[in-house]
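Take a look at the structure below.
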Amino acid sequence: MTEPATTTSKDFIREIIDEDLASGKHSGTVTRFPPEPNGYLHLGHAKSICLNFGIAQEYGGRCHLRFDDTNPTKEEVEYVESIKTDIRWLGFDWGEHLYFASDYFEQLYDWAVSLIREGKAYVDDQTADEIRKTRGDLQTPGTASPFRERPVEENLDLFARMRAGEFGDGEKVLRAKIDMAHPNLNLRDPVLYRILHAEHHRTGDAWCLYPMYDYTHGQSDALEHITHSLCTLEFENHRPLYDWFLENLPVPSRPRQIEFSRLNLTYTVMSKRKLLQLVNEKYVSGWDDPRMPTLSGVRRRGYPPEALRNFCKTIGITKFESTNDFALLEAAVREVLNRTAPRYMAVLDPIKVVLTNYPADQVEEMEAMNNPEDPAAGSRLVPFSRELYIDREDFMEVPPPKYFRLSPGTEVRLRSGYFIRCHEVVKDAAGEIIELHCTYDPETRSGSNPPDGRKVKATIHWVSAAHAIDAEVRLYDRLFAAEFPDRGEGSFLDHLNPDSLKVLSNAKLERNLAAIAVGETVQFERLGYFCADPDGTPDRPVFNRTVGLKDAWAKAKGQS
RNA sequence: AACUCCGUGGUGUAACGGUAGCACAAGAGAUUUUGGUUCUCUUUGUCAAGGUUCGAAUCCUUGCGGGGUUGCCA
């Protein structure tokens, strides 16, 4: 477990918790992660999960998983299951504390009735449109509904009949009676309940009356004795309403809502609506497309959960709206994978190499380190023979300056193999290079250096042609070409990166890669980290590029 | 000219009245059987102006800039 150096300082939320503990306001800490089951979890949620579950771990408290399922028209069980899977994958556990806002419907209803009794809520017959128009706007106060002063008894009767199903969708709502002139629009008699004749994923058809988020969230927190209710900045303006309910209802505890800034990443969109659109309109293969910033997407891409946790630690928690560099996430991924991913050789775009002085029927088993960063990872055997494949990028007939790899007359080292020198380039009728004739130096076998002390400038990877596994490799790049796809005119879709996926169908893999389980991430030496995809079959695996290695040569090329 | 939150290198984040630090990114070099890793070094910052103070990123005032809010979504 490597801890980033920044763990010594605490974010403002943990400081508040420290104070609350020190002052005796609370004797323990209870947080909650409250997703709405209407979509898949994404990197933004990861930030919130790491915060809430992380605090629970650090303070010896607990973190509840609570599904905020107050809108049956948008929510589905499919999402509930995927959310649980993703949280567990990230490395967190809610134990016994799985809750649903829908579990509190009866209690919330009773409290609504008590609000009505106290003259703090009323049934409004206005249409949605009328309510909107009379709410006023940012600069002008709203006007009272003609039903605002309805007698308590009438409200009670109407509300009961709303529950009983006597009215159609949208015919009536229950509103809090607060202040139609309040500068915070959320307090201009917010809607508490709306009629929705819809099947709920848990309560079925028991209800046709559903509570709004604002009326549900704080009370749910209070019922669960949440001490610190952490949410994103856009709920800041809702806090006065959150508190209003807690003050006006006989709730069993007084949670405190604290807001922090959501996660933004360059070259990425993070809104559920936009992600849904990418899926529905087939710009990606699904919620778990490896280019998606969903947790299921980055999992399929091969990101280790530890990298996500470290990333969340590094970006910290603040109230300032910021956008994190995607490179920071990739750095976190590389940091973990460099330590943990076993190394293999794979050739993505093969050229055949014939070692003219190597015996035709000979096969040597070469020992190769599994991970130079971790001697305990041991070694494996890789077959070496007369005919090999190397990557097209590792040979140039007319090399530019500073090109260290193979070219006619030059010598390179084959990783865990021998030195080879190129003597002849074989081309087809079209002038395309199809084969290289090389010689190997028997005195340079891996582990021993040439007696004459000569050096080579490069070491390249290879696979034995006769032993190679055919595979498909999917090279993923960022989904969007623009740093801020949301900015500027037009749709974010205008900024989709046309090269975000490149499929290589003729890759040749080292024999040992046949044993890699789906979901495992390995390093293809010199190329990057790759994750075995479920689309693969035993005789034809599919690998997704998780992230490339840093590439000083590519960078130098790009600049010249 | 509503309310509210927020402004620290290119990006993100520390410093709680006392040397502006760290990570990523960028650049230079060393090491290297991965042009990877690792190591060393370097560039770049407190939104502005006043004030309080021996001393201000930090406290005060004003200005400037950015975000959020006008769902019967969450």
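Numbered from 1 within each chain, the chains take letters A, B, ... in sequence-line order. FYI, side chains are in, hydrogens and waters are out, and symmetry mates aren't considered; it's all heavy atoms of this structure.
- Look at K550(A) and you'll find a side-chain N or O under 4.0 angstrom from OP1 or OP2 of rU37(B).
- At a threshold of 4.0 angstrom between heavy atoms, the contacts of A128(A) include nucleobase atoms, whether or not backbone atoms are also involved.
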### Task
Could you walk me through whether D18(A) and K10(A) pass salt bridge (Lys or Arg N to Asp or Glu O under 4.0 Å), step by step?
CA-CA 10 Å; D18(A) 285 348; K10(A) 284 188 172 176; 2.9 Å; yes

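- Straight-line distance between the C1' atoms of rU31(B) and rG66(B): roughly 46 Å, to the nearest whole Å.
- Using modelled atom types, one finds no donor on one side chain facing an acceptor on the other under 3.5 Å when comparing Q523(A) with N371(A).
- Remark: P of rC72(B) and CG of D125(A) are 16 Å apart, rounded to the nearest angstrom.
- Atom CG of D441(A) is separated from atom P of rU33(B) by 17 Å (rounded to the nearest Å).
- No side-chain N or O of E525(A) forms a donor-acceptor pair with one of H461(A) less than 3.5 Å apart.
- Stem regions for RNA chain B, each three or more consecutive Watson-Crick or G-U pairs with both distances under 3.5 Å and listed by first number, read B:2-7 with B:64-69, B:10-13 with B:21-24, B:26-30 with B:38-42, B:47-51 with B:59-63.
- A side-chain donor from one of N52(A) and S48(A) sits under 3.5 Å from a side-chain acceptor of the other.
- Look at NZ on K272(A): it is 20 Å from P on rG71(B), rounded to the nearest Å.
- Ring-plane geometry between W553(A) and Y403(A) is classed as perpendicular, the angle between the planes exceeding 60 degrees on a 0 to 90 degree scale with a lower cut at 30.
- Here rU11(B) presents its C1' atom at 11 Å from CZ of F320(A), a figure rounded to the nearest Å.
- Closest to the side chain of Y403(A), from the set rC6(B), rG36(B), rG35(B), is rG35(B).
- Between the side chain of T323(A) and the base of rU11(B), no donor-acceptor pair of N or O atoms lies under 3.5 Å.
- Within 4.0 Å of Q523(A), counting heavy atoms only, lies at least one base atom of the nucleic acid.
- A distance of 6.5 Å separates CD1 in I258(A) from CD1 in I17(A), rounded to the nearest 0.5 Å.
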Nucleotide N/O to protein N/O under 3.5 Å, stretch nucleotides 67-70 of chain B:
from, atom 1, to, atom 2, distance (Å)
rG68(B), N2, N237(A), OD1, 3.3
rG68(B), N2, N237(A), ND2, 3.1
rG68(B), N3, N237(A), ND2, 3.3
rU69(B), O4', N237(A), ND2, 3.1

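- Comparing the C1' positions of rA48(B) and rG7(B) gives an interatomic distance of 12 Å, to the nearest angstrom.
- E373(A) has its CD atom 11 Å from the C1' atom of rU32(B), to the nearest Å.
- Comparing R405(A) and V173(A) along RNA chain B, the residue whose closest nucleotide (by nearest heavy atom) sits nearer the 5' end is R405(A).
- Contact annotation: the side chain of V298(A) never approaches that of P293(A) to less than 4.5 Å [non-hydrogen atoms, C-beta and beyond].
- Remark: side-chain polar atoms of R150(A) are not paired, donor with acceptor, to backbone N or O of N155(A) under 3.5 angstrom.
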Give every pair of a protein N or O atom and an N or O atom of nucleotides 29-31 of chain B that lie under 3.5 Å apart, one pair per line with the distance.
none

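- For E36(A), the side-chain atoms get nearest to rC73(B) when compared with the rest of rC73(B), rU13(B), rU34(B).
- Taking the six-membered ring for Trp and thresholds of 30 and 60 degrees, F492(A) and F480(A) have ring planes inclined between 30 and 60 degrees apart.
- For E483(A) against rG10(B), a side-chain-to-base donor-acceptor contact under 3.5 Å is absent.
- For A552(A), the listed nucleotide lying nearest its side chain is rG36(B); candidates were rA23(B), rG36(B), rA74(B).
- One finds no side-chain N or O of R273(A) lying less than 4.0 angstrom from the OP1 or OP2 phosphate oxygen of rC73(B).
- Spacing between atom CG of D68(A) and atom P of rC73(B) amounts to 14 Å, rounded to whole angstrom units.
- Counting only distance, with no hydrogens or angles, the side chain of R380(A) and the backbone of M369(A) share a donor-acceptor pair below 3.5 Å.
- The salt bridge (Lys or Arg N to Asp or Glu O under 4.0 Å) pairs that include a residue from residues 444-454 of chain A are E364(A)-R445(A), E411(A)-R454(A), D441(A)-R454(A), D452(A)-R454(A), where partners are two or more places apart or lie in different chains.
- At rC73(B), none of the side-chain N or O atoms of T70(A) fall inside 4.0 Å of OP1 or OP2 (strictly under the cut-off).
- In rG51(B) the O4'-C1'-N dihedral to the base is more than 90° from 0, which defines an anti nucleotide.
- With respect to the salt-bridge test (charged N to carboxylate O, under 4.0 angstrom), the residues E36(A) and K74(A) do not qualify.
- Exactly one residue among Y193(A), W244(A), F105(A) makes a ring pair (Phe, Tyr, Trp, His ring centres under 6.0 Å) with Y215(A). That residue is Y193(A).
- If you take atom C1' in rU58(B) and the same atom in rG17(B), they sit 7 Å apart, rounded to whole Å.
- On the C1' atoms, rG45(B) is 16 Å away from rC24(B), given to the nearest whole Å.
- Note on R343(A): a base of the nucleic acid sits closer than 4.0 angstrom, heavy atoms only.
- Nucleic acid contact class of P35(A) (heavy atoms, under 4.0 Å, all strands): none.
- Taking atom NZ on K10(A) and atom C1' on rA14(B), their separation rounds to 15 Å, with Å as the unit.
- Under the side chain to side chain donor-acceptor pair (under 3.5 Å) criterion, E78(A) pairs with Y40(A), not counting sequence neighbours.
- With contacts defined as side-chain heavy-atom distances shorter than 4.5 Å, the pair F530(A)/L475(A) qualifies.
- Nearest to the side-chain atoms of A327(A) among the listed nucleotides rG12(B), rC24(B), rC73(B) stands rC24(B).
- Between the NE2 atom of H461(A) and the P atom of rU33(B) there is a distance of 18 Å, rounded to whole Å.
- In this pair, F235(A) and Y213(A) present their aromatic rings tilted. The plane angle is within the 30 to 60° band.
- At the heavy-atom level, M212(A) lies under 4.0 Å from the strands shown only through sugar-phosphate atoms.
- At the heavy-atom level, I131(A) lies under 4.0 Å from base atoms of the strands shown.
- Taking 4.0 angstrom as the limit, K555(A) places a side-chain polar atom (N or O) nearer than this to OP1 or OP2 of rG27(B).
- Mapping G447(A) and T318(A) onto RNA chain B by nearest heavy atom places T318(A) closer to the 5' end of the strand.
- Closest approach of D179(A) to R148(A), counting heavy atoms only: N-NH2, 3.8 Å.
- Annotation: rA74(B) and rA20(B) have their C1' atoms spaced 40 Å apart (nearest Å).
- On the P atoms, rU42(B) is 36 Å away from rC6(B), given to the nearest whole Å.
- Contacts of residues 449-457 of chain A with RNA chain B (heavy atom under 4.0 Å): none.
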